[in-house]
Amino acid sequence: MIKTNDYLVKKMLDEQAKERSAKRALQIFHKFKISPVLGYLIFAAVLIVLQSLSSDKIISTSFISAVGSTLIYCIVALGFCLLLGYSALASLGTAGFVGIGAYCCYYCLAEYGVGVGVAFLMVIAVAIGVGIFVGVISLRIEGIYLAIVTLGVSQIIKEVLVALVEGSARISFKDIVLMGQTYSVREIKGAVFYLIVAVLLILMWVVHNLINSPTGRAMLAMKNSTSAAQAFGISLMKYRLLAFVLSTIMAALAGLLYMLYIRSDMPSTSTLLTLSTSLNILGAVIIGGTKSIWGTIGGTFIIFGIDEMFLQDIEFFNENPTLITIVCGLLVILVVMFFPGGLVQLVRTGIFKLKTLFAKWRVRRYGIEE
Amino acid sequence: MCAGILATFAITLIFKTSYTTNFAQGVISALGAYVAVELTLEHGLPLWGVAIIGVVVAFGVGVVIDVLIFRQGKNVNALGKQIITMGLISLFVGIIPFVFAVASYESVPLQPFIPLTEQLVIGEGATRVAIPYNTIIALAITAVLMVLVFVLLHKSKWGLSVRATASNEIVAGMMGVNTKVITAISWGIAGALGAVAAIIYVGNATFSSSLVMTSTQINAFLAGILGGFITFHGPVVGAIIIYLLNAIVGCICIHVPELSMWKPVLVYGIVMLLVLIKPQGLFGKKMVKKV
């Protein structure tokens with residue numbers, strides 16, 4: 001009788017120790033966990049190293065150029081992530097708002113000859129104006145009408161730009177003043193790359209803080225149930241409008257950076273102003289994971305980055321440029337239907353499985369810790 | 001305008017039966033038009049025949065989309081459905097250049113049913129108005145289709161089932177309406193009407209890309225908002241109002257050339273103003289949602 005009891009106690013202690021060691025194994029993993037802001041800084045540092053490698057001719061210029069334009073789309077996608085992931089609104093006007101930023105920048109720099117700083121402020125002011133105007137009208141009716149109204153606005157912006165800008169818009173001046181320093185045409189691309197990284201870093205930090213603040217929580221509550229959110233005193237209109245205006249500002253800023261980086265565009269043939277741009281941004285955010293900053297950036301690199309960085313050199317993809325569109329559309333449908341978390345969810349599940357495997361292996365290898 | 005009215009009805013039908021704004025409507029109808037264009041230009045078949053084939057293909061595509069995607073995703077929320085239709089645009093825009101040889105043409109010279117030079121002339125001198133017979137045929141097709149659809153909707157058993165599904169899908173199912181079939185057929189009819197719209201539209205304008213129907217689709221959505229998606233006839237009246245508005249603003253722009261650049265902004269602004277005054281649309285009434 002006593003013997004059995006002893007056996008049971010020993011077995012119980014064994015199990016407890018096993019659990020402890022599994023926990024300890026997980027803690028080892030947590031030691032490697034870094035704060036999100038540090039992660040953003042590391043990301044920016046890697047990009048800056050890439051750029052300096054390219055100025056030393058170690059990395060090809062076309063590669064770094066593709067990275068630069070992908071980063072611009074990352075800024076747009078970040079704004080869209082705020083709109084889609086945190087307030088459950090879809091907009092199809094992204095391309096139009098990017099266009100507003102780009103051509104506002106063109107007019108400020110090339111026509112009126114003001115500095116980049118003034119252009120920055122102008123673009124933000126215009127974006128706020130347009131965002132509030134479009135947002136107030138469409139959000140007053142119902143959330144799902146935003147996509148319809150913005151689709152129309154985007155088309156109109158394109159038509160007006162085609163009429164407004166005859167021929168192609170080209171910032172064709174010799175040098176450009178940025179942060180008190182004058183850059184010549186040859187240096188400008190590198191300088192703008194650093195500017196893009198800086199803007200992206202700041203916006204990532206802003207979005208990170210916003211989604212962890214009471215405002216972000218209010219938006220999330222609104223996304224999950226509008227009725228419940230209203231019952232808690234959250235004004236739907238206020239937070240939806242805030243998210244929409246913020247995403248408009250980000251899109252317009254990305255447009256400004258696009259104009260500075262590419263330095264020429266033509267409204268009638270531009271790929272920037274088409275519906276496909278809006279759809280690709282949407283695809284990037286959905287595929288990456290709507291509620292995560294890293295997911296959004298990963299998704300953008302998948303949709304825009306891989307195509308521009310690697311696939312352009314392969315003949316098969318060069319001959320069939322629409323293949324990436326098919327993949328994007330198909331992935332969007334599949335992700336929405338079967339895998340709402342997106343890529344980030346996949347990675348998280350993967351990491352969790354790895355952690356449990358590691359814990360099991362540790363117990364088998366080193367035995368049970370006392 | 002004919003294309004716009006047909007597209008508006010198609011979008012309303014899907015909005016009522018599937019509770020989503022179908023952004024892929026334009027691409028599905030363009031697909032139907034591409035089938036027709038491909039068969040005439042590459043294989044030399046007569047236009048009337050291929051138009052029917054194009055419409056049938058669009059009907060099939062609509063049904064397939066509903067059966068394969070929307071029937072499976074019953075637990076997808078409203079935003080998810082909207083996003084799926086946006087994904088469908090990407091999918092079709094990508095697929096069309098693969099399948100159709102005509103997609104690589106710069107612009108596709110699809111002949112209208114009757115050459116545009118043959119016109120019906122009314123009056124003489126200053127009051128002379130020339131209308132191409134093609135436009136009259138397009139108007140006739142639209143009128144016949146719309147009358148047919150509305151008669152079916154209000155008199156036939158199918159129409160009753162559609163209206164029942166539109167007002168409440170679950171209750172309609174309990175009452176013995178096969179809502180799955182109704183929804184699938186609605187998608188098919190929407191696709192077919194869209195294809196008719198696209199073929200009419202392409203006969204009058206140049207056919208440059210698979211996104212050719214985008215502006216028609218935008219007008220259709222606007223018409224839906226303006227007329228209110230609550231009723232079936234509201235959006236159609238909205239579409240007529242928008243096209244009349246377009247014509248009026250166009251007339252003003254002829255006299256004031258400086259305005260012509262802002263013509264779309266003006267039309268859009270007036271419609272938005274109307275919506276601001278009546279948020280539920282001209283024919284809509286406030287829907288009270290019970291929690």
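All values below were derived from every heavy atom in this structure, side-chain atoms included, with hydrogens, water molecules and symmetry-related copies excluded. Order of the sequence lines sets the chain letters (A, B, ...), proteins ahead of strands, with each chain counted from 1.
A/I137 touches chain B through backbone and side chain together, each having a heavy atom under 4.5 Å away. Of the two parts of B/L79, only the side chain, counted from C-beta on, holds a non-hydrogen atom closer than 4.5 Å to a non-hydrogen atom of chain A. If you measure heavy-atom distances from B/Y19 to chain A, you find no contacts under 4.5 Å at all. With a threshold of 4.5 angstrom between heavy atoms, B/T20 does not approach chain A through any atom at all. Proximity to chain B involves both the backbone and the side chain of A/L164, based on heavy atoms less than 4.5 angstrom apart.
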Apply side-chain contact (heavy atoms from CB on, under 4.5 Å) to B/I83 and A/L84, showing your working.
-> CA-CA 10 Å; B/I83 290 169; A/L84 186 68; 3.7 Å; yes

Test side-chain contact (heavy atoms from CB on, under 4.5 Å) applied to A/V149 and B/I225, step by step | CA-CA 9 Å; A/V149 175; B/I225 297 181; 4.1 Å; yes

Kindly determine whether A/I326 and B/F98 satisfy side-chain contact (heavy atoms from CB on, under 4.5 Å), including the steps that lead there.
-> CA-CA 10 Å; A/I326 298 182; B/F98 265 98; 3.8 Å; yes

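B/I218 and A/Q155 get closest at one heavy-atom pair: CD1-CB, 3.5 Å. Annotation for A/G329 and B/S90: closest pair CA-CB, 3.6 Å, computed over non-hydrogen atoms.
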Donor-acceptor contacts under 3.5 Å from residues 241-254 of chain B side chains, at least two apart:
none

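A/L146 contributes atom CG, which lies 11.0 Å from atom OG1 of B/T21 (distance to the nearest 0.5 angstrom). We find the CE-CG distance between B/M86 and A/L275 to be 9.0 Å, quoted to the nearest 0.5 Å. For the atom pair CG (B/N77) and CG (A/N224), the distance works out to 10.0 Å, reported to the nearest 0.5 Å.
Your options are A/I156, A/V336, A/L331, A/V335, and the one with the most heavy-atom pairs under 4.5 Å with chain B is A/I156. Chosen from A/I286, A/L151, A/V332, A/I333, the residue pairing most often with chain B at heavy-atom distances under 4.5 Å is A/I333.
Remark: B/F221 pairs with B/F23 by the ring-ring contact (aromatic ring centres under 6.0 Å, His included) rule, at least two apart or across chains.
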